[in-house]
Amino acid sequence: MADKIKDAKIIFVVGGPGSGKGTQCEKVVTKYGYTHLSSGDLLRAEVASGSERGKQLQAIMQKGELVPLDTVLDMIKDAMIAKADVSKGFLIDGYPREVKQGEEFEKKIGKPCLLLYIDAKAETMVKRLMKRGETSGRADDNEETIKKRLDLYYKATEPVIAFYESRGIVKKIDSELPVDEVFSQVAKAIDAL
Ligand SMILES: Nc1ccn([C@@H]2O[C@H](COP(=O)(O)OP(=O)(O)OP(=O)(O)O)[C@@H](O)[C@H]2O)c(=O)n1
Ligand SMILES: Nc1nc2c(ncn2[C@@H]2O[C@H](COP(=O)(O)OP(=O)(O)O)[C@@H](O)[C@H]2O)c(=O)[nH]1
Ligand SMILES: [Mg+2]
């Protein structure tokens, strides 16, 4: 099953909540025609469906915790298979959240050729999320949950970056700059593939 996707490029997009992952991914879609899969969006779609599983997910996300690894991985895999015939590359946004997630992804799907590390200061991320919270309607864009998401990011997700650094595929992107300047760094990394 996974061999259908084996020729497409896989890019992990990792960064803290509100760092600008989604914003940059949209721009990559426009310029390069890659398929954007946000693990958070996939989970929110399941919540919106009102299914029993969605209800369980909602409770976890509201607390800013991680949903079980297999749940997210299965969703990503299904979405990748659905696009396999038409996609030349995949942006996996917001995944892996912890080293174990990365290892399982590689076992079940394939290896990433690049990890875009979208880096912004904690203070910047909080500011952006509070602003986004005014209009996003996201249950987790509130002060209390933002704090938990940040803590978990530093504890569980930052080690992911070190893990892939040892493989030499990490490109650190300074996301404190205006969106277009952030994107020129992203484009340079993709052009170099
Ligand atoms: N691989 C993932 C991705 C998401 N989540 C859950 O979904 C929530 C929202 O994920 P996401 O949209 O990726 O959130 P952030 O990166 O925190 O924020 P953003 O959308 O701003 O990227 C997370 O807090 C977490 O509860 C998860 O458990 N595992
Ligand atoms: N100033 C500035 N704001 C940004 C930038 N990237 C994203 N934002 C804003 O920050 C918020 C979070 O961005 P989003 O792409 O949803 O981040 P994600 O949580 O990493 O997916 C949004 O409201 C964006 O408009 C950037 O490079 N510069
Ligand atoms: Mg996002």
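Just follow the structure's listing: the first ligand is 1, and inside any ligand the first atom is 1. Hydrogens, waters and symmetry mates play no part in the numbers below; they use all other heavy atoms, side chains included.
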> At a 4.0 angstrom heavy-atom cut-off, what protein residues surround ligand 1?
Replying inline: Pro17, Gly18, Lys21, Ser39, Gly40, Leu43, Arg44, Met61, Glu65, Leu66, Val67, Val72, Gly94, Tyr95, Arg97, Gln101, Arg132, Arg138, Asp140, Arg149
>> Please check this pair: side chain of Arg149 against backbone of Asp140, looking for a donor-acceptor N/O pair closer than 3.5 Å.
In response: yes
With a cut-off of 3.5 Å and sequence neighbours excluded, list every side-chain donor-acceptor pair involving residues 32-43.
residue, atom, partner, partner atom, Å
Tyr32, OH, Ala187, O, 3.3
Tyr32, OH, Asp191, OD1, 2.9
Thr35, OG1, Ser87, OG, 2.6
His36, NE2, Asp93, OD2, 2.9
Ser38, OG, Gly40, N, 3.4
Ser38, OG, Asp41, N, 3.0
Ser39, OG, Asp93, O, 3.2
Ser39, OG, Gly94, O, 2.9
Asp41, OD1, Arg44, NH2, 2.8

> Do the charged groups of Asp141 and Arg128 touch, with an N to O distance under 4.0 Å?
Replying inline: no
>> Quick check on contacts: which atoms of ligand 2 are under 4.0 angstrom from a heavy atom of Leu177?
In response: 26 (C), 27 (O), 28 (N)
>> Just to be sure I'm reading this right: ignoring hydrogens, which of Thr23, Val13, Asp174 gets closest to atom 24 (C) of ligand 2? Compare them by their nearest heavy atoms.
In response: Thr23
>> What verdict does the salt bridge (Lys or Arg N to Asp or Glu O under 4.0 Å) test give for Asp180 and Lys27, after you've listed the backbone C-alpha separation in whole Å, the side-chain angles of each residue and the deciding distance to 0.1 Å?
In response: CA-CA 9 Å; Asp180 287 340; Lys27 294 179 78 70; 3.1 Å; yes
>> For Gln62, is there any backbone N or O sitting under 3.5 Å from a side-chain donor or acceptor partner on Thr145?
In response: yes
> Identify the closest protein heavy atom to atom 22 (C) of ligand 2: which residue and atom is it, and at what distance?
Replying inline: Arg132 CD, 4.4 Å
>> Any carboxylate oxygen within less than 4.0 angstrom of a Lys/Arg side-chain nitrogen, looking at Glu65 and Lys148?
In response: no
> Cation over ring, Lys172 on Tyr117, under 6.0 Å and within 45°?
Replying inline: no
> Stepwise, does the salt bridge (Lys or Arg N to Asp or Glu O under 4.0 Å) test hold for Lys155 with Asp151?
Replying inline: CA-CA 6 Å; Lys155 202 170 79 192; Asp151 286 348; over 6 Å; no
> Side chains of Glu98 and Thr157: donor-acceptor distance under 3.5 Å anywhere?
Replying inline: no
>> Can you name the atoms of ligand 2, numbered from 1 with element, that are less than 4.0 Å from a heavy atom of Gly22?
In response: 15 (O), 18 (P), 21 (O)
> So between Arg128, Lys21, Met125, whose heavy atom ends up nearest atom 26 (C) of ligand 2?
Replying inline: Arg128
>> Using a 4.0 Å cutoff against the non-hydrogen atoms of Val179, which atoms of ligand 2 qualify?
In response: 5 (C), 26 (C), 27 (O), 28 (N)
> For atom 17 (O) of ligand 2, what's the nearest protein heavy atom and its distance?
Replying inline: Gly20 N, 3.2 Å
> Which of the atoms in ligand 2, numbered in the order shown and given with their element, are less than 4.0 Å from a heavy-atom of Val182?
Replying inline: 27 (O)
> So which protein heavy atom does atom 19 (O) of ligand 2 come closest to, and at what separation?
Replying inline: Gly18 N, 2.8 Å
>> Over 60° means perpendicular and under 30° means parallel, so tell me whether Phe105 and Tyr95 are parallel, tilted or perpendicular.
In response: tilted
